[in-house]
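See below for the structure under consideration.
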There are 2 protein chains.
Amino acid sequence: MSASSIRARVRAEMIDEIKAVARRHLATDGANLSLRAVARDMGMVSSAIYRYVPSRDDLLTALILEAYDGLGDAVEAADSGTDPDDLRGRWHHVCRAARDWALAHPAEYALLYGSPVPGYAAPADTVLPAQRPPLTLVGILRDGLTHGRLTVPAEELPEPVRADLTELADAFFPGMPSALLARGMAGWTQLFGLISFELFGRLNQTISHRDSYFEHQVGLMADLIGLPRPE
Amino acid sequence: MSASSIRARVRAEMIDEIKAVARRHLATDGANLSLRAVARDMGMVSSAIYRYVPSRDDLLTALILEAYDGLGDAVEAADSGTDPDDLRGRWHHVCRAARDWALAHPAEYALLYGSPVPGYAAPADTVLPAQRPPLTLVGILRDGLTHGRLTVPAEELPEPVRADLTELADAFFPGMPSALLARGMAGWTQLFGLISFELFGRLNQTISHRDSYFEHQVGLMADLIGLPRPE
DNA sequence: GCCCGTCAAGAGCAGTGCTCTCTATTTTGA
DNA sequence: TCAAAATAGAGAGCACTGCTCTTGACGGGC
């Protein structure tokens, strides 16, 4: 039994090392990850890798899952590390944490938010981790609402939009007004766009002060949402 | 001479057919385009393809260029087909045209706006076509400004942001206030985010009425920019 | 001491981009 | 008109990929 567990431990360490090497390759070669190259780096022959990893796609899925968790952790840590009543501060911190994580792990970000691989379908267990960043953002708005620090936008939503967003709200933030959720979604969409533009080179030769630009654009969305400015 | 031109014409037609077949493959297999598969579809042996196309990357570049032009044409046509004084209408039509094009050409959209291939560097001649959509959007704001239908946002921009945006404005829209350009960029970022989320499956199981959702989100950004609502 | 599960290696299959060579055809120029 | 030149296509081949199957070595449990 202890012998079996020592075997299991070595095995787990091997899988961890394979993932680490794969992550390293990801950074240089992008999503076209080569199992043979990983095997070479580990001093194995290519077929031996299949003792630990069922297939290339499964390895990619594992990396994707870990990446989602890394981003989710970073984002939630940034949120819980800020004064809960400082809505605008929380919004900014969360957005900044997402960007920082993306800049630190560009290949993983591209894996998560880049163009999907046609043949590859994201397994069901990636759905929840993928929702952590937007849920964190909308959670800020929910908190502001329950503490009366946020006013609900006055406008009426078109009926189909209201219906979709009400259903979405019921699943995660029961009672949240759909008009506010709509603005939260706009903020999340914008955050994704900002990071993607920066990482995918769309800001090259135009925006040189990336930090300031990012903060300002995030602030614009905070205005749209109605997050109170510090007096 | 006419004999030479008949050869040249056949040759051009072959290249066109190669591109068409490649585009078809793109839709099913994504960016990992196989020249051999294209050759097979054309009843050629793989090496014969290289008579017409220097390399796989060059073929991809050609497809990218044509895609940028297709999107640019669609966007600009939507803009010039709308009453120039109806700023908000123009904004909506341009955004809708971009989305419609993306929905009609999902693989090409992913090629343009998905994660960049690590080894592949976009050639210089893709830069200008790539700027057509954002320039069209900002052009609407410029028109609104020159006709006094748009008020410049009052706030001061942080100096680094102001500097970057002023330089950008000078290159394409001399005299445009950087605060307004900042909001235009926000709108363009949002448009990209909206389309990407929809095309890359982020809206699955949450938003079922995609058209209404898109219009509403675009409207939110129009509000942020200050585009006058129809009375 | 034997047995069985685990691990690694090697060969092999089908696919990829790309190059080189050879042949057939077509175009061009004297 | 007829030879020379340009062009198109085919085939073989190289190095690479994911993945499977078989073979042999090792080690812990009975």
Side-chain angles (χ1 to χ4, degrees), chain A residues 1-19 21-26 28-64 107 111 117-121 123, chain B residues 1-19 21-26 28-64 107 111 117-121 123:
Chain A
M1 177 172 281
S2 94
S4 150
S5 78
I6 201 179
R7 229 185 235 246
R9 221 191 54 206
V10 169
R11 191 181 161 78
E13 278 171 13
M14 282 288 272
I15 295 182
D16 278 354
E17 193 183 336
I18 289 177
K19 283 187 198 166
V21 174
R23 237 188 306 268
R24 228 166 49 217
H25 273 86
L26 217 58
T28 62
D29 301 341
N32 35 14
L33 176 69
S34 158
L35 279 190
R36 291 180 113 110
V38 172
R40 261 196 305 274
D41 272 24
M42 297 190 59
M44 295 172 115
V45 99
S46 73
S47 57
I49 284 279
Y50 289 87
R51 294 268 164 208
Y52 303 95
V53 167
S55 75
R56 199 195 79 117
D57 275 10
D58 285 273
L59 178 55
L60 270 180
T61 301
L63 294 180
I64 287 175
L111 206 58
V117 185
Y120 176 83
Chain B
M1 176 171 283
S2 94
S4 150
S5 77
I6 201 178
R7 223 199 242 264
R9 221 193 53 207
V10 169
R11 190 180 163 78
E13 277 172 13
M14 281 288 270
I15 295 181
D16 278 352
E17 195 183 336
I18 289 177
K19 284 189 200 167
V21 175
R23 239 188 306 268
R24 227 167 49 217
H25 273 84
L26 219 55
T28 63
D29 301 341
N32 34 14
L33 176 70
S34 159
L35 279 190
R36 292 179 112 111
V38 173
R40 263 195 305 273
D41 272 23
M42 297 192 59
M44 295 173 117
V45 97
S46 73
S47 57
I49 284 278
Y50 289 87
R51 295 267 168 211
Y52 303 95
V53 166
S55 76
R56 198 196 78 117
D57 275 9
D58 284 273
L59 178 56
L60 270 179
T61 300
L63 294 180
I64 288 175
L111 206 59
V117 185
Y120 176 83

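Computed over heavy atoms, backbone and side chain alike; hydrogens, waters and symmetry mates excluded. This one's a predicted model, so the numbers in the text were calculated from it and none came from an experiment. Order of the sequence lines sets the chain letters (A, B, ...), proteins ahead of strands, with each chain counted from 1.
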Atom CZ in B/Arg23, atom CG in B/Leu59: separation rounded to 0.5 Å?
-> 9.0 Å
Could you pick out which residue, B/Arg51 or A/Arg40, lies toward the 5' side of DNA chain D when each is mapped onto its nearest nucleotide?
-> B/Arg51
A/Arg36 or B/Arg36: which one's nearest nucleotide on DNA chain D is closer to the 5' end?
-> B/Arg36
Integer-rounded Å distance: [N] [atom2] and [X] [atom1]:
| X | N | atom1 | atom2 | result |
| --- | --- | --- | --- | --- |
| A/Asp29 | D/dT17 | CG | C1' | 13 Å |
| B/Arg9 | C/dT27 | CZ | C1' | 16 Å |
| B/Arg11 | C/dT27 | CZ | P | 14 Å |
| A/Leu35 | D/dG18 | CG | P | 5 Å |
| B/Asp57 | C/dT16 | CG | P | 16 Å |
| B/Ile49 | C/dT19 | CD1 | P | 14 Å |
| A/Leu60 | D/dG18 | CG | P | 10 Å |
| B/Glu13 | D/dA8 | CD | P | 13 Å |

Identify which nucleotide among [options] has an atom closest to any side-chain atom of [X], counting heavy atoms from C-beta outward.
| X | options | result |
| --- | --- | --- |
| A/Met44 | D/dA8, C/dG17, C/dA9 | C/dA9 |
| A/Ala48 | C/dA9, D/dG11, C/dG17 | C/dA9 |
| B/Ser47 | C/dT19, C/dC18, D/dT17 | C/dT19 |
| A/Val45 | C/dG10, D/dG11, C/dC18 | C/dG10 |

Hey, does [X] reach any base, or is it just sugar-phosphate, or nothing, if we go heavy atoms under 4.0 Å?
| X | value |
| --- | --- |
| A/Ser34 | sugar-phosphate |
| A/Met14 | sugar-phosphate |
| A/Leu33 | sugar-phosphate |
| B/Ser46 | base |

Does A/Tyr52 put a side-chain nitrogen or oxygen below 4.0 Å from OP1 or OP2 of C/dA8?
-> yes
So, is B/Arg56 close to the C/dT16 phosphate, meaning a side-chain N or O under 4.0 Å from OP1 or OP2?
-> no
For the residue pair [X] and [Y], establish whether any side-chain heavy-atom pair is separated by less than 4.5 Å.
| X | Y | result |
| --- | --- | --- |
| B/Asn32 | A/Asn32 | no |
| B/Val38 | B/Arg24 | no |
| A/Met44 | A/Tyr52 | yes |

Donor on one side chain, acceptor on other, B/Ser55 and B/Asp58, under 3.5 Å = yes
